[in-house]
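Worksheet for the structure shown next.
Position 1 is the first residue of the sequence; numbering continues from there. Remember, it's 1-based here, ligands and their atoms both numbered in the order they're listed.
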Amino acid sequence: MSTELRVVAARLHRVRMPLVHAFQTSSHRKAYLDHILVELEDESGAVGWGEIASSSDPYYAPETVETCWHIASRYLLPAVLGRRWTHPSQLEVRKVRGNQFAKAGVDVAAWVLWAETQQLPLATVLGGKRTEVVAGVSLGIEPTIDDLLVQVGHQVEAGYPRVKLKIAQDWDVEPVRAVRSAYPHLDLHVDANGIYSADDLDHLLQLDQFGLTMIEQPFAPRDLLSHAELQRRIETPVCLDESVETVADLEIALKLEALQILNIKVSRMGGLTAAVTAHDRAQDAGVAVWCGGMHEFGVGRLANVALSSLPGFTLPSDVSASEKYYARDVVQPAVTAVGGVVQVPEGPGLGHPVDREFVAANTIEELAFGPGQE
Ligand code: OSB
Ligand code: MG
């Protein structure tokens, strides 16, 4: 258990993958994504993979793919290389402020390496108990309500038990009304990605009539007071996403009663170490959690599946099958869902090998550190 590890080589791969279906949120539209795969290698030659799943633009979080590349290559990997550690939490690079997405990719790679060297599944070393996790889908803003109904129809047919709709000022009450009347019993929730302001409070109360499971992040990340005010005035549970980047943010939100539900994203929280702590804290406080996604490739997706196996993840997570996003994934086999349920892998580490040839074929930039490199 207390084996000492030392990362002696590290590689970054900027990988570009087209999305099967373009995704529109309240702030941006995407047809392909660039994520950075992080590889950490120890003295024995064991490898752990992580994924930096930053958006290309600073609209969800302040980071971009370029800032993540800079922070990972200039600060995080040099801080990790050569250091001796016995538990992945010791590798947290606290000296670097913020930059949660960049940190998360390195943190996940360290956890996966640690699980690999112990020949245990990532889920097990995280404290996971479930053998399968329930997946929901997140649907972007569509050109018309009819297009949205078609998308919801596909996902319900595929067996997903929960659908989340992106909303914005000109795309909220009517699309939600249409989906709710077509699917009276569907587990339905909405996500505003922080687009509303305190002036919209009365407007948002209209959403209370649709029996939504939650309203996710209606207001700006730092506007916890408006979230608390809305939660006082609405029956529907308020869920925080962008507002909670650290466990300290969660403490403030709990004190203000600004949430009833927490979306835990590995990327937004800077990795699995903080994600597990947030899970434990939320469980103590009686706040239900689920695992949010950033359209991860297979590496980040499997980390999300492993995290979702912890006991407090009682709501469906955004861990839908690879095929919803990508024609082919960077892990083989890809992540699959049957009836909206994803199996937690039983093999060591991520449980699905990374397809190096496919990664190489889709890599647009690479950087290696280690013996022989600067
Ligand atoms: O708010 O959850 C969000 C994607 C990009 C930016 C923000 C968000 C999302 C998602 C994707 O909803 C969920 C998924 O990975 O399926
Ligand atoms: Mg969200």
Side-chain angles (χ1 to χ4, degrees), residues 17 19-35 51-65 68 100-101 104 133-142 151-152 154-155 158 160-168 171 188-196 212-221 227 237-245 253 259 261-269 275 289-305 307-308 315-326 329 334-335 337 340 342:
M17 300 240 283
L19 282 163
V20 170
H21 186 74
F23 191 80
Q24 170 115 30
T25 70
S26 56
S27 64
H28 58 284
R29 181 174 179 82
K30 287 284 164 267
Y32 68 84
L33 299 181
D34 285 7
H35 287 179
E51 178 172 337
I52 300 177
S54 174
S55 304
S56 54
D57 312 302
Y59 302 149
Y60 167 80
E63 296 171 87
T64 69
V65 180
C68 287
Q100 306 299 65
F101 278 71
V133 302
V134 180
V137 290
S138 169
L139 296 180
I141 291 170
E142 291 289 330
Q151 289 305 317
V152 175
H154 286 328
Q155 304 307 336
Y160 289 106
R162 180 277 267 164
V163 171
K164 130 172 164 184
L165 308 178
K166 292 286 174 181
I167 57 165
W171 180 265
L188 190 64
H189 96 237
V190 294
D191 182 4
N193 288 112
I195 199 74
Y196 296 98
L212 300 173
T213 311
M214 67 191 95
I215 299 181
E216 182 179 345
Q217 198 69 43
F219 307 110
H227 287 96
V238 171
C239 169
L240 293 179
D241 176 356
E242 286 91 324
S243 291
V244 179
E245 291 191 2
L259 79 167
I261 297 177
L262 176 65
N263 168 345
I264 297 183
K265 276 189 192 172
V266 176
S267 292
R268 194 198 66 227
M269 300 222 56
V289 306
W290 56 284
C291 173
M294 289 299 300
H295 296 157
E296 282 86 353
F297 302 170
V299 170
R301 184 164 306 282
L302 287 167
N304 291 344
V305 169
L307 180 69
S308 302
L315 295 164
S317 292
D318 276 344
V319 291
S320 16
S322 305
E323 63 170 17
K324 176 182 173 267
Y325 310 84
Y326 307 104
D329 206 343
V335 179
V342 178

Closest to atom 13 (C) of ligand 1 among protein heavy atoms sits D318 OD2, 3.4 Å
CZ-OG distance between R162 and S317, expressed to the nearest 0.5 angstrom:
7.5 Å
Using distance alone, determine whether S55 and ligand 1 share an N or O pair under 3.5 Å.
no
Where is the nearest protein heavy atom to atom 12 (O) of ligand 1: which residue, which atom, and how far?
S138 OG, 2.9 Å
Closest heavy-atom pair, I195 versus I167, reported as atoms and distance to 0.1 Å, is CG2-O, 4.3 Å
Looking only at distances, please establish whether an N/O atom of ligand 1 is found under 3.5 Å from an N/O atom of K324.
no
Please determine if the Mg ion (ligand 2) has an N/O/S atom from E242 lying under 2.8 Å away.
no
Quick one: do R301 and D318 make a salt bridge, cutoff under 4.0 Å?
no
Which value, rounded to the nearest 0.5 Å, describes the distance between L33 atom CG and M17 atom CE?
8.5 Å
Inspect the surroundings of CD in Q151 and state if more than 12 heavy atoms from other residues, nucleotides or ligands are less than 6.0 Å away.
yes
Could you tell me which N, O or S atom of E216 is nearest to the Mg ion (ligand 2)?
OE2
Just how far is it from atom CG of L259 to atom CD of E216, taken to the nearest 0.5 Å?
11.5 Å
Of the non-hydrogen atoms in G300 and E51, which two are nearest, and what is the gap between them?
N-OE1, 2.8 Å
Where is the tightest heavy-atom contact between H35 and S54, given as atom of each residue plus distance?
CD2-O, 3.8 Å
Considering non-hydrogen atoms only, spot the tightest contact between R29 and A22 and give its length.
NH2-CB, 3.5 Å
Number the atoms of ligand 1 from 1 as they appear, then name those within less than 4.0 Å of a heavy atom of Y60, with their elements.
1 (O), 6 (C), 7 (C)
So is there a nitrogen or oxygen of K265 less than 3.5 Å from a nitrogen or oxygen in ligand 1?
yes
If you count the atoms of ligand 1 from 1 in the order shown, which ones are under 4.0 Å from a heavy atom of D241?
1 (O), 2 (O), 3 (C)
Three-point angle D191:OD2, the Mg ion (ligand 2), D241:OD2, rounded to the nearest 10°
170°
Backbone or side-chain N or O of Y325 under 3.5 Å from ligand 1 N or O
yes
Side chain proximity check, N193 to E242, heavy atoms < 4.5 angstrom
yes
Per-atom filter on ligand 1: closer than 4.0 angstrom to a heavy atom of K164 are 2 (O), 3 (C), 12 (O)
Subset of ligand 1 atoms that lie under 4.0 Å from at least one heavy atom of N193:
1 (O), 3 (C), 7 (C)
Among non-hydrogen protein atoms, atom 5 (C) of ligand 1 lies closest to M294 CE, 3.7 Å
Has ligand 1 got any nitrogen or oxygen that is less than 3.5 angstrom from a nitrogen or oxygen of H295?
yes
